[in-house]
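Predicted model, so just to flag it, every value in this text is computed and none were measured. Counting begins at 1 with the first residue of the sequence.
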Amino acid sequence: MNIYRSVGETRAACRVLRASGRRLGLVPTMGALHEGHLSLVRAARAQCDAVAVSLFVNPTQFGPTEDLAKYPRPFERDRALLEKEGVEILFSPSADEMYPKGEGTWVVVDGLSEKLDGHSRPGHFRGVATVVSKLFHILEPDAAFFGQKDAAQSAIIRRLVRDLNFPVKVVICPIVREPDGLAMSSRNTYLSPEERPRALVLRQSLIRVEENFRAGERNAARLSVAAREVFAAQPQVRLDYFEIVDPDTLDPIEQVSQPALAAVAAYVGNTRLIDNAILRD
Ligand code: AMP
């Protein structure tokens, strides 16, 4: 595996690779890798001839009071995991390399960026859309792999690629969970031993909604009430949002007549976690 820190070297290496006729798959990450990330790497390996991973804790997607400084950065461990997965290119730039001084160009996906997490984290999706656009320009992948875990992010990237004509196939991979159902996240390491079991309430609320959906409930308001009841039984966890929305537009829906996204975010102590499920017949 070749490790690159600079934009120029990375672009050159990716171009050499693609010039030999190999399809390049990109997996963008912020590191602190877990099985969720590795599932994306494996999907990229299965669908492409070579895999590049970017490892960059993107400052522009963190708000001023968020966890940018304390976000875990176990570079050596990440490097070893990716080496074992047969990744060809690891792009791990500094913040200065990615954002030259005086930068002022942003990518904003109007209409989606302020929904769900974008509502609670103003500016977050502007940072995500901008860094993903930059990564697409730097590595020029044929396909890029993202997790359904970040459902709003997936919708935004699909829209971004469509609107700006990026020649990149976007592949969304299923959520990987811990054995007890908690969605894997780099932020799970923040949870104290007391908080860890409480975090299951996110998944439990989704399971309750899926059960009610399967039992025939199609009214989104009533489905959401059921989810809130599950949260009410776990008062130490603060619900940020529970919403049932169109998976493409992220607009709230009233009656679930086609596949809908049930999305949840909550604070377990100071740790903000998200999860979701697709409701479909
Ligand atoms: P992050 O490092 O948190 O920015 O995540 C990098 C990529 O991994 C994103 O596309 C996430 O959606 C994806 N990802 C994170 N957690 C999971 C998970 N539990 N299952 C599947 N994909 C995930």
Using a distance-only test with no angle check, is there a side-chain donor-acceptor pair under 3.5 angstrom linking [X] and [Y]?
X: S6; Y: E9; value: yes
X: E254; Y: N219; value: no
X: Y241; Y: S120; value: no

Check ion pair [X]-[Y] (N to O, under 4.0 angstrom):
X: R272; Y: D67; result: no
X: D281; Y: R218; result: yes
X: D180; Y: R196; result: yes
X: R159; Y: D248; result: no
X: R79; Y: E76; result: yes
X: E88; Y: R45; result: no

Rounded to the nearest 0.5 Å, how far apart are [atom1] of [X] and [atom2] of [Y]?
X: L191; Y: T271; atom1: CG; atom2: OG1; value: 5.0 Å
X: I172; Y: Q153; atom1: CD1; atom2: CD; value: 8.5 Å
X: R187; Y: K70; atom1: CZ; atom2: NZ; value: 9.0 Å
X: R280; Y: E210; atom1: CZ; atom2: CD; value: 11.0 Å
X: R121; Y: E66; atom1: CZ; atom2: CD; value: 4.0 Å
X: E195; Y: L200; atom1: CD; atom2: CG; value: 12.5 Å

Report yes or no: does [X] contribute a side-chain atom to a donor-acceptor pair with the main-chain N or O of [Y] at less than 3.5 Å?
X: R126; Y: V107; answer: no
X: D78; Y: L33; answer: yes
X: N58; Y: G127; answer: yes
X: E85; Y: R42; answer: no
X: E83; Y: M1; answer: yes
X: S113; Y: D110; answer: no
X: R5; Y: I3; answer: no
X: D142; Y: V168; answer: no
X: S154; Y: G147; answer: yes

Is [Y] close to [X] at the side-chain level, that is, under 4.5 Å between some pair of heavy atoms?
X: L160; Y: F166; answer: yes
X: I156; Y: V128; answer: no
X: I89; Y: L26; answer: no
X: R228; Y: L239; answer: yes
X: M98; Y: P93; answer: yes
X: L182; Y: R203; answer: no

So D251 and K115, salt bridge (charged side-chain N to carboxylate O under 4.0 Å, His left out) or not? Walk me through it.
CA-CA 8 Å; D251 284 330; K115 309 251 173 72; 2.9 Å; yes
Any cation-pi pair here, R208 with F242, using under 6.0 Å and within 45°?
no
Using the six-membered ring of F56, assess whether NZ or CZ of K134 lies under 6.0 Å from its centre and within 45 degrees of the ring axis.
no
Where [X] and [Y] come nearest, the two heavy atoms and their spacing:
X: V132; Y: F146; value: CG1-CZ, 4.1 Å
X: A183; Y: R177; value: N-NH1, 3.7 Å
X: L116; Y: A152; value: CD1-CB, 4.0 Å
X: F231; Y: L202; value: CZ-CA, 4.0 Å
X: A263; Y: N276; value: CA-CB, 3.9 Å
X: T249; Y: L112; value: O-CD2, 3.0 Å

Cluster link [X] to [Y], ILVMFWY, side chain under 4.5 Å:
X: L40; Y: V57; value: no
X: Y71; Y: Y99; value: no
X: L82; Y: F145; value: yes
X: V230; Y: V264; value: yes
X: L38; Y: L55; value: yes

Please report the C-alpha distance between Q148 and I278 in whole Å, then the side-chain angles of each, then the deciding distance to 0.1 Å, and finally whether the side chain to side chain contact (heavy atoms under 4.5 Å, CB included) criterion is met.
CA-CA 10 Å; Q148 174 62 22; I278 296 286; 3.9 Å; yes
Quick one: do F91 and V7 satisfy side chain to side chain contact (heavy atoms under 4.5 Å, CB included)? Show the steps, please.
CA-CA 8 Å; F91 177 46; V7 167; 4.3 Å; yes
If you apply the rule side chain to side chain contact (heavy atoms under 4.5 Å, CB included), what do you find for N270 with Y190, and how did you get there?
CA-CA 9 Å; N270 292 324; Y190 297 156; over 6 Å; no
Only one of I253, L223, L206 passes side chain to side chain contact (heavy atoms under 4.5 Å, CB included) with L279, and that residue is L223
Applying side-chain hydrogen bond (donor to acceptor under 3.5 Å, both in side chains), name anything that partners E194, two or more places apart in sequence or on another chain.
S192
Run the side chain to side chain contact (heavy atoms under 4.5 Å, CB included) test on H119 and E114 for me, step by step, so that the C-alpha distance in whole Å, both residues' side-chain angles and the decisive distance to 0.1 Å come before the verdict.
CA-CA 5 Å; H119 184 70; E114 60 284 358; 5.9 Å; no
In terms of heavy-atom contacts, does NE2 of H34 have more than 12 from other residues, nucleotides or ligands at under 6.0 Å?
yes
